[in-house]
There are 2 protein chains.
Amino acid sequence: MSKLPSLKNLSYLLALHQHQNFNRAAQACNVSQSTLSSGIQNLEEQLGCQLIERDHKSFLFTGMGEEVVEQARRILTSTEELLYFAQSQGKIMEGPLRLGCIPTIAPFLVGPLTKQLQVDYPKLQLNIREDTTENLLHLLRNGELDVLVLALPVDLQGNQSYVLGRDPFKLVMHQSMADNLHEPVQYNQLPDNSIFLLEKEHCLTGHAVAACELADSTKINPFTATSLHSLVQMADARLGATFIPQMAIDRGILNGTDLVALQPTGQQASREIGLVYRPTTNRRQTFRRLAEFIAQLLPEPLLK
Amino acid sequence: MSKLPSLKNLSYLLALHQHQNFNRAAQACNVSQSTLSSGIQNLEEQLGCQLIERDHKSFLFTGMGEEVVEQARRILTSTEELLYFAQSQGKIMEGPLRLGCIPTIAPFLVGPLTKQLQVDYPKLQLNIREDTTENLLHLLRNGELDVLVLALPVDLQGNQSYVLGRDPFKLVMHQSMADNLHEPVQYNQLPDNSIFLLEKEHCLTGHAVAACELADSTKINPFTATSLHSLVQMADARLGATFIPQMAIDRGILNGTDLVALQPTGQQASREIGLVYRPTTNRRQTFRRLAEFIAQLLPEPLLK
DNA sequence: TACTATAATCGAAAATACTAATTAAGGCTT
DNA sequence: AAGCCTTAATTAGTATTTTCGATTATAGTA
């Protein structure tokens, strides 16, 4: 059996991939440029294949190089997790935890979550990153985040998940608009272009349309908002109606407005909230505990 | 960030876990006992926790030690895969491939499979291990096998799978027993204790009973067989009837007997055959190709 | 008590990793 | 086109780490 590549050299390769420059990568690794350079050459020799195409001025990762980077990232992430796990002596609710959350959940979950975690698990250092589903999944893969709170269903790309609970959608509109409507609201009672949604980057848009069975796209206004708060303001300005998740309403997003929340059409007019983690993790116990913890903060907990 | 443990030291730990003896483990690693000993101590220091409890005469892995071993195994397997992948230059159908297969599939698949692989991919070195589902899954986890052919459904324990196709069950009995039966056979026409099955270690037993909707357990003879060939012989000796998969029949398991194969009851009286692999693998392309390859050898291919 | 087997320790030797300085080449500015 | 800047590779010397063989310490066994 040939000798295994060293983690050190693999980390050099990752740094080089990230910085695309030997000097900066070397700096990031706290070694000299020559060390990194020879480390990479070493690796190429051990793996018996070319990872980067060099020219005297610059270089380019080969296809094989890119694939090795991918796999190396997973190996290093696993090793870091092992180190962390051992060092924390199996204390599952202590130390840093990097959590990613989508923008249509974060503002309404993070407050109560951090507050309650502080009470129950004061040694847990929660680090939260808010971004789109797609970006969060990328960061999870790269080992830059440990766990995500997403709205399901979504292509988990090989990751695993716990289903935490459901979050009902409400059809929100100005009081004056709601007068002659019956619940659940039939959308054909609404004028064309009267429903406002978020930009399509937000998974909430698709989930709401599907869950609330809004088949008639002529009701949807082509102008999109960038946040739930914008949607609320637009509805309050009597521009039209919109879908708002119960979580946001519970956290008072409609306070100080003249908006009402009506039951929309749809067998199960709600989205599912899930906790997503790498299949290779060794922090399942932590995530399980966290899942139970978050579930109890949702409008309709499903877990446990 | 603390320094990562070295792969070498992790492999020392694995060897020690396997051999439960410093000298033998060191021999297996081709290093001296002192090297291995200090490697382990080094690892404990880096991880900041005790992995083995020592007494001057012997030692014992701690709970943490066992968990670290588990995770280390995964890391080393990934790294070996990376090495193998790079060294084979992405040639997906070359080199060694360790395949596990259950005993109710292997004898009827391996022959045609190796023969045809030899023609299409002569550089692929297929290494086959026959064992129960449970044992095979264990070997897959430990990185001692690369891929499994199993009958589904089964608890994949976090592994991933391709569904290859279906393999119908037939109710096999002596010609003289079949005379006054109509297909699909109603089991209440059969005497008590007249259906013979395999030992319960074989997943075929459960799959056949479920797929063929054999609800009445009084029909099942408590005496169990250890192989399909035994079942066939018992049926040929007019002891009773049994379920035999189509794959086995196609490969001539009934040749030279006076047995007939009847259609059993059941909406879908068949088992599913799947190819199972680790979620962390980087040989998906190989497995995908192999899956397509195996599928075409099944009675009812589903893939592609 | 001598003998065997075990794992830890120690010091020297060997292998490896690292650095600073230098080289070589391409692109940019003047 | 000359000079300068940036880039990655190379070189040679140094520092660090790894490894080994020998030894020690301990416990069980004949």
Rounded to the Å, how far apart are [X] [atom1] and [N] [atom2]?
X     : N      : atom1 : atom2 : result
A/E45 : D/dA9  : CD    : P     : 14 Å
A/N21 : D/dT6  : CG    : C1'   : 9 Å
B/R54 : D/dA27 : CZ    : C1'   : 17 Å
A/Q27 : C/dT19 : CD    : C1'   : 15 Å
B/L16 : C/dA8  : CG    : C1'   : 14 Å
A/I40 : D/dT7  : CD1   : P     : 17 Å
A/F59 : D/dT7  : CZ    : C1'   : 10 Å
B/Q33 : D/dT23 : CD    : C1'   : 11 Å

What's touching nucleotides 13-15 of chain C from the protein side, N or O pairs under 3.5 Å?
none

Among residues two or more places apart or on two chains, list those pairs meeting side chain to side chain donor-acceptor pair (under 3.5 Å) that have a residue in residues 4-23 of chain B.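 Listed by first then second residue: B/H17-B/E66.
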Which pairs count as side chain to side chain donor-acceptor pair (under 3.5 Å) when at least one residue sits in residues 148-157 of chain B, sequence neighbours excluded?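 Listed once each, the pairs would be none.
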Could you tell me how the ring of A/F287 sits relative to the ring of A/Y277: parallel (under 30°), tilted (30 to 60°) or perpendicular (over 60°)?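 The rings of A/F287 and A/Y277 sit tilted, inter-plane angle from 30° to 60°.
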The criterion is ring pair (Phe, Tyr, Trp, His ring centres under 6.0 Å); which residues satisfy it with A/Y84, sequence neighbours excluded?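 None.
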Does a side-chain N or O from A/Q41 land closer than 4.0 Å to OP1 or OP2 of D/dT10, or not?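 Answer is yes, contact under 4.0 Å.
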Is there a side-chain contact between A/N23 and the phosphate of D/dA8, meaning an N or O under 4.0 Å from OP1 or OP2?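 So the side chain of A/N23 is within the cut-off, an N or O lying under 4.0 Å from OP1 or OP2 of D/dA8.
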Tell me every residue that passes salt bridge (charged side-chain N to carboxylate O under 4.0 Å, His left out) with [X], counting only those two or more places apart in sequence or in another chain.
X      : result
B/E199 : none
B/E44  : B/R54
B/R98  : B/D146

Scan residues 116-153 of chain A for pairs that pass ring-ring contact (aromatic ring centres under 6.0 Å, His included), counting only residues two or more places apart or in two chains.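 For residues 116-153 of chain A: A/Y121-A/F293.
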Distances for protein N or O near nucleotides 15-19 of chain D N or O, under 3.5 Å:
unit_1	atom_1	unit_2	atom_2	d
D/dT19	OP1	B/K8	NZ	2.8

Can you tell me if B/S32 and B/T35 form a side-chain donor-acceptor pair at under 3.5 Å?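 Yes.
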